[in-house]
Amino acid sequence: MKTFPMFLTMTGRRVIIAGGGEQAAQKARLMLKTEAHVTLLAPSLAPELTALIASNRAGHHAGPITPETFRDTALVFIATGCPAADLALHTLAKLGGALVNTVDQPALCDALTPSIVDRDPVVVAIGTEGTAPVLARQIKTAVETMLEPRLGEFAALAGRMREAVAHQITPRARRAFWAWVFSDTPRRLHAAGREQDAALALKSALSTGITLAASQGCISLVGAGPGARDLLTLRAVQRLQEADVIFYDRLVDPQVLELARRDATRIFVGKEVGANSWPQDRINGVIVAAARKGQRVVRLKSGDPGIFGRAEEELEAARRAGIPIEIVPGITAAIAAAASLGRALTERGQTDHLVFATGTCCTEADRPDWAAMLTPGATLAVYMAVGRLAELRANLLAAGHAADMEVEIVSKASQPGERRLKTTLVRMEADAVANAIFSPAILILRRAKAQPDANGQFRKDRLTVTAESWKSELRCD
Ligand code: SAH
């Protein structure tokens, strides 16, 4: 090791940042996370730095600089952006006896700044001795994903209880107690946003000496997103890593399941052609039963659990059984499809509402009236629609929509076999077949807002083709 990682005590210590531009501002942002007194050294400062001085978050030294300037300073950052000025300041700072970091100049550094994962007071520092900054950032991303956002608060809570634990728990039992705190019920409750329950579990374990083993199971309805695993939320990854058992659907990508703990049980509860399907009440039954056994259950659903995902039935079953249940939102297919098209779902001046509709309802008789949804100013995203293109077209044409209205279709959005198609209402079925567009796919249709005419009057929105005219025009039956 050419460098050695240490955590410097910063409370009340002086840090000098030499420079007044963006580089200096970056270091100032970093140092202001600590309890150090920051002094900025520069004749003129960027507005962000001036604001720090105005709000008393940093001091300013604009006068002459001598080695004395750097006496009693814990750390000096030199970040002027000018190599000659950096070198001169480095010489003076070293004469003043300071520990120096000169931005982007390893030869002028006594200390290198690591990549940091900040869950204060838990801090992870990653260094590569300057060999691979990109690798350091990748490691940082991986660690960021592993550690729940509230971990710092939880560690602080544990820290506040250390003394009580030392009093009440024998030294022999202490290690097991802390292992329980950080890997079992208290941390799990805290990570799920139930801070008070976590504190109660800790306090009651302290007073009774009984550490509740994962006494109560719970269920997370987790959105797996459209497929690509980097479209998962950090919270979804967290839940997958905590889960004892994962019940997943047909549309959940195997890449996503790989993020689960190696020893978690994975149970497929989707419907696959030719295989036994899982009726919804059976799914409700198994997730509740697993949670009753004290397991951490993840019910992984494609996209967002609350969009055409039958989440309501599972929420209801868990609540009836008194099992804690939460929803972890996910990126729904319509949003992923728009991203794949490189197009926003709403356009300024054109769109004032966004409709997520289904192409397939519970019963045949229950067919949605898509034309009624596609009012002026609408973007209509239709799920589960590829098998219903003929009906959709007939419905829209019969309501007078233009045969050449643009239709965009994205299948397998964000997945390796993704396909995108721009077509028209009348051609969409033939084009979908020709372009091998199969389920899962999303259809996106748009209807611009009515525009005012030259007199500033809004015309009544007129559809261009009538039901009769499209039939003759297209020779469809
Ligand atoms: N809860 C899911 C929707 C489940 S319904 C969500 O929020 O996305 C299943 C339908 O979702 C599919 O028929 C298809 O219309 C759509 N879908 C799911 N994943 C998709 C993907 N990767 N690309 C395109 N459509 C997808």
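Quick note: residue numbers are just sequence positions, from 1. Whatever order the structure lists them in is the order used to number ligands and atoms, beginning at 1.
Shown in contact with Pro226 at under 4.0 Å from a heavy atom are these atoms of ligand 1, numbered in order with element: 22 (N). Interface atoms of ligand 1 facing Lys412, defined by a heavy-atom separation under 4.0 Å, are 22 (N), 23 (N), 24 (C).
Heavy atoms of Val386 found under 4.0 angstrom from ligand 1: none, in either backbone or side chain.
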Apply the test side-chain contact (heavy atoms from CB on, under 4.5 Å) to residues Leu32 and Leu52: give CA-CA distance (whole Å), side-chain angles for both, the deciding distance (0.1 Å), then the verdict. CA-CA 10 Å; Leu32 286 170; Leu52 291 180; 3.6 Å; yes
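Evaluation of the side-chain hydrogen bond (donor to acceptor under 3.5 Å, both in side chains) rule for Asp197 yields Arg194 as partners, not counting sequence neighbours.
For the side-chain contact (heavy atoms from CB on, under 4.5 Å) with Val237, the qualifying choice from Gln241, Arg235, Arg239 is Gln241, the only one to do so.
Put simply, no part of Gly227 is less than 4.0 Å from ligand 1, judged by heavy atoms. The shortest separation from a heavy atom of Ser302 to ligand 1 is under 4.0 Å, placing the residue in contact. The closest approach between any non-hydrogen atom of Gln415 and ligand 1 is below 4.0 Å.
For a threshold of 3.5 Å applied to N or O pairs, the pair formed by Pro305 and ligand 1 contains no separation below that value. Close N/O approach between Ala413 and ligand 1 is found [any backbone or side-chain N/O within under 3.5 Å].
Of all the listed residues (Ala333, Pro440, Ala441, Gly223), Ala441 holds the heavy atom that lies closest to atom 15 (O) of ligand 1.
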Hey, can you pull the donor-acceptor pairs under 3.5 Å for the side chains in residues 328-340, sequence neighbours left out?
from	atom 1	to	atom 2	distance (Å)
Thr332	OG1	Tyr383	OH	2.6
Ser340	OG	Ala336	O	3.1
Ser340	OG	Glu418	OE1	2.9

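Aromatic ring centres of Phe182 and Phe154 lie closer together than 6.0 Å.
Using a cutoff of 4.0 Å between basic side-chain nitrogens and carboxylate oxygens, Lys449 and Asp352 are scored as salt-bridged.
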